[in-house]
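Since the structure comes first, as C-alpha cells, the remarks are kept for the end.
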Amino acid sequence: MLSLKYIRENTDYVQDSLTRKQSRVNISNLLEFDIQRRNCLKEVEVLRAEKNQVSSSIAELKKGGENAQEDILAMRTVSNKIKAVETELRKVEESIANDIYYVPNIVHSSVPVGKDETGNVVIKKWGDVPDFSFKPKDHLRLGEDLKLFDFKRSVKMAGAGFPLYTGLGAKLERALINFMLDYHVSKHNYTELFPPFLAHAEAMQNTGQLPKFKDDMYEIPEDALYCIPTAEVPVTNMHQGEIIPESELPIKYAAYSACFRREAGSYGKDTKGLIRVHQFNKVELVKFVHPDNSYKELETLLENAEAILQALGLHYRVLELCSGELSFSAAKCYDLEVWSPAENKYLEVSSCSNFENFQSRRSNIRYRNKSTGKSELIHTLNGSGLATPRLMVALLETYQQEDGRIKLPAALHPFMNMEIIAIP
RNA sequence: GGAGAGUUGGCAGAGCGGUAAUGCAGCGGAUUGCUAAUCCGUCAACCUUUAAUUCGGAUGCAGAAGUUCAAAUCUUCUACUCUCCGCCA
C-alpha cells in the first residue's frame with residue numbers, strides 16, 4: 001500500500017499515476033478522511049495530555065496521603081470525553097484502512113503510458129520463429145499421441161482446469177522444475193526455498209492479493225487459509241516484520257510452488273489444454289533489495305528469467321508493460337512471452353515486477369541504513385522463472401519432429417535421461 | 001482433540017494498578033590515546049510546530065473489548081509460539 005502521508009503530500013502525482021494506470025480509485029475520499037483523522041487526533045491528544053497531567057497529580061496526592069476526590073471526579077468527565085472522541089477516531093481510521101488497501105501502487109516514470117495491451121512495448125525478441133516443413137501439431141494433439149497428459153480423467157478428480165500429467169509428461173514437468181531451480185541456484189546465486197502452499201489472510205494482504213483479489217483465490221474457511229496463487233506470497237512474507245542488515249542485501253530466493261487460481265471471470269477464454277488452468281507449477285524468483293538499486297535489480301531479474309528460455313532454445317519476446325496494463329501492486333513490469341508455433345502467437349510465461357516499497361510497507365520489511373542508523377523500507381521484486389504450463393506448450397510444439405517425436409533440447413537431457421520423447 | 005506455559009523496543013530481559021528498568025547492538029558526540037577503552041545523548045510508527053534531522057504532545061508491552069480517576073499490570077475473548085498426552089501420514 002501507499003502511505004497516507006505520501007498521498008497527502010503528493011496528491012497530484014498520485015492522481016496522475018492513477019489515471020495512467022486506468023484506475024478509477026477515488027483518493028479525494030481518502031484525503032477527506034485524513035483531515036477528519038487529524039482533527040480527531042488533535043482533539044483527543046489535548047484531552048489525553050490533560051488526563052496524564054491530572055492523573056500524575058492524583059498519584060502525587062495519594063502518595064502524600066492527601067485527598068484527591070476532587071480531581072478524580074473531574075477526571076471522570078474527561079475520560080468519558082476521551083472515549084467518545086476515540087470512538088470517532090477509530091471509525092475514521094477504519095474507513096481509511098478500508099480505502100487505502102484498494103489504492104494501487106504508483107507507476108514508475110519510465111513506464112510507457114497506454115491504456116491496454118496495445119500500449120505495451122516490445123523491447124526485445126530473441127531467437128527465430130521456428131520454421132516447419134510440415135504442419136505442426138498443437139500441444140493437445142502431441143500430448144495425446146505421446147500420452148503426456150490426460151485432461152479427460154483429471155476431470156474425475158477435480159474438474160476442468162486441473163491438469164493431470166502422465167508418464168513422460170509427468171517426468172518432463174518435473175524435469176522442467178528441477179532444471180529451472182538448479183539453474184537459478186547454481187548460475188544466478190538464488191537460495192532455494194520450498195514454501196508452504198497455503199497462507200493466511202495477513203500474508204495475502206501483505207503482498208496485495210487481498211482484499212482486491214479475494215474472488216480469484218481458493219479459500220479454506222475452516223482454517224482461515226488460502227491456496228497461494230504464486231510462491232511470491234509465502235516467500236515475500238518470509239521476512240515480514242524484520243529489519244535486515246544492509247550488508248545482507250540483496251536477498252534472492254528461488255522457490256518452486258504449485259499455484260492455484262480460480263480465474264473467475266475468464267471462463268470460456270483459453271480453455272484449450274494447458275494454456276489457462278486452475279493449478280499449475282511455477283518457479284518464482286523473489287528479491288529483497290536496497291531501494292537505491294531496485295531498478296537495476298529488476299533488469300537482472302529479467303535476465304535471469306530470460307536465461308531459462310535461452311537455455312531451452314525457445315523463441316520469445318520481452319514486453320515492457322504500459323501503465324494501463326500494470327498490475328495492482330507493481331510500479332514497473334516486464335512480461336516474457338514464449339512463441340507457440342501451433343497457436344501461432346506468443347504466450348506469457350513470466351512477469352518481472354518491481355513493487356518498490358508497496359509490499360514492504362504492508363509487511364513492514366525494513367533494512368538498517370548504515371549511515372543514518374535508521375530503519376527504512378526495502379524494495380521487493382519478483383518474477384516467474386518460469387511458469388511451466390505454457391513453457392511446456394512451447395517446448396513440445398517447437399521441438400516436435402515430422403514423425404511426431406519430441407527432440408528435447410540438450411539442457412533437459414540430464415533431467416530426462418533421454419534425448420527424444422517417442423510415441424509409446 | 002485434551003492439558004499446561006508463554007508473547008514487552010533491533011536483540012536479551014525486568015516490571016504484576018500510579019504511567020516501560022537495565023544490558024548488548026546501531027547511530028551521533030565528547031574524551032583519552034592506540035591490536036582499544038570510558039562517558040553522554042539518541043534509538044519504531046503518529047500529530048503539531050520549525051529554517052531544521054528544532055521544541056512539544058500523544059501513542060506504544062501479541063490483537064480486541066471491559067473494570068478504574070489511572071492498565072504492561074486486573075477480567076473476558078481471539079491469534080500465534082512452545083511443552084506434554086492422544087490420534088494420524
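Chain naming here is simple, since letters A, B, ... match the order of the sequence lines and numbering starts at 1 in each. Predicted, not measured: the structure shown is a model, and the values here were computed from it.
Comparing B:rU42 with B:rA51, their C1' atoms are spaced 22 Å from each other, to the whole Å. Rounded to whole Å, the separation between the P atoms of B:rC47 and B:rG33 comes to 48 Å. Across B:rU31 and B:rC39, the matching C1' atoms stand 8 Å from one another, rounded to whole Å. When the C1' atom is used for both B:rA36 and B:rG15, the distance is 36 Å, rounded to whole Å.
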Scan nucleotides 50-65 of chain B nucleotide by nucleotide, 5' to 3', and note B when protein non-hydrogen atoms come under 4.0 Å of the base, S if they reach only the sugar-phosphate, - if neither. -------BSS-----S
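Taking every side-chain heavy atom of A:K83 into account, B:rU67 is the closest of B:rG10, B:rU67, B:rU48.
At distances below 3.5 Å, at least one donor-acceptor pair connects side-chain atoms of A:S23 with backbone N or O atoms of A:V25.
Applying the ring-ring contact (aromatic ring centres under 6.0 Å, His included) rule to pairs touching residues 158-177 of chain A yields A:F149-A:Y165, A:F162-A:H278, sequence neighbours excluded.
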Under the criterion ring pair (Phe, Tyr, Trp, His ring centres under 6.0 Å), I'd like the reasoning laid out for A:F358 against A:F328: C-alpha separation, chi angles, the key distance, then a yes or no. CA-CA 10 Å; A:F358 193 80; A:F328 179 74; 5.6 Å; yes
Shorter than 3.5 Å, N or O on both sides, protein versus nucleotides 87-89 of chain B: list them out with atom names.
none

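Of the two residues contacting RNA chain B, namely A:S55 and A:R37, the nearest-nucleotide position lying further toward the 5' end is that of A:S55.
For RNA chain B, the stems formed by at least three consecutive Watson-Crick or G-U pairs, with both atom-pair distances below 3.5 Å, span B:1-7 with B:79-85, B:10-12 with B:22-24, B:26-30 with B:38-42, B:62-66 with B:74-78.
A:V289 is not listed as a side-chain neighbour of A:L249, based on a closest heavy-atom distance of 4.5 Å or more.
Atom-to-atom distance recorded for A:Y256:OH and A:L181:CG is 9.5 Å, nearest 0.5 angstrom.
Of the residues in residues 69-81 of chain A, those lying under 4.0 Å from RNA chain B by heavy-atom distance are A:I72, A:M75, A:R76, A:S79. Within residues 4-11 of chain A, the residues approaching RNA chain B are A:R8, by heavy-atom distance under 4.0 Å.
A salt bridge does not link A:E263 with A:R261: every distance from a Lys NZ or Arg NE/NH1/NH2 to an Asp or Glu carboxylate oxygen is 4.0 Å or more. With salt bridges taken as basic N to acidic carboxylate O contacts below 4.0 Å, none links A:E232 and A:K282. Ion pairing between A:K332 and A:E356 fails under the 4.0 Å rule for side-chain N and carboxylate O.
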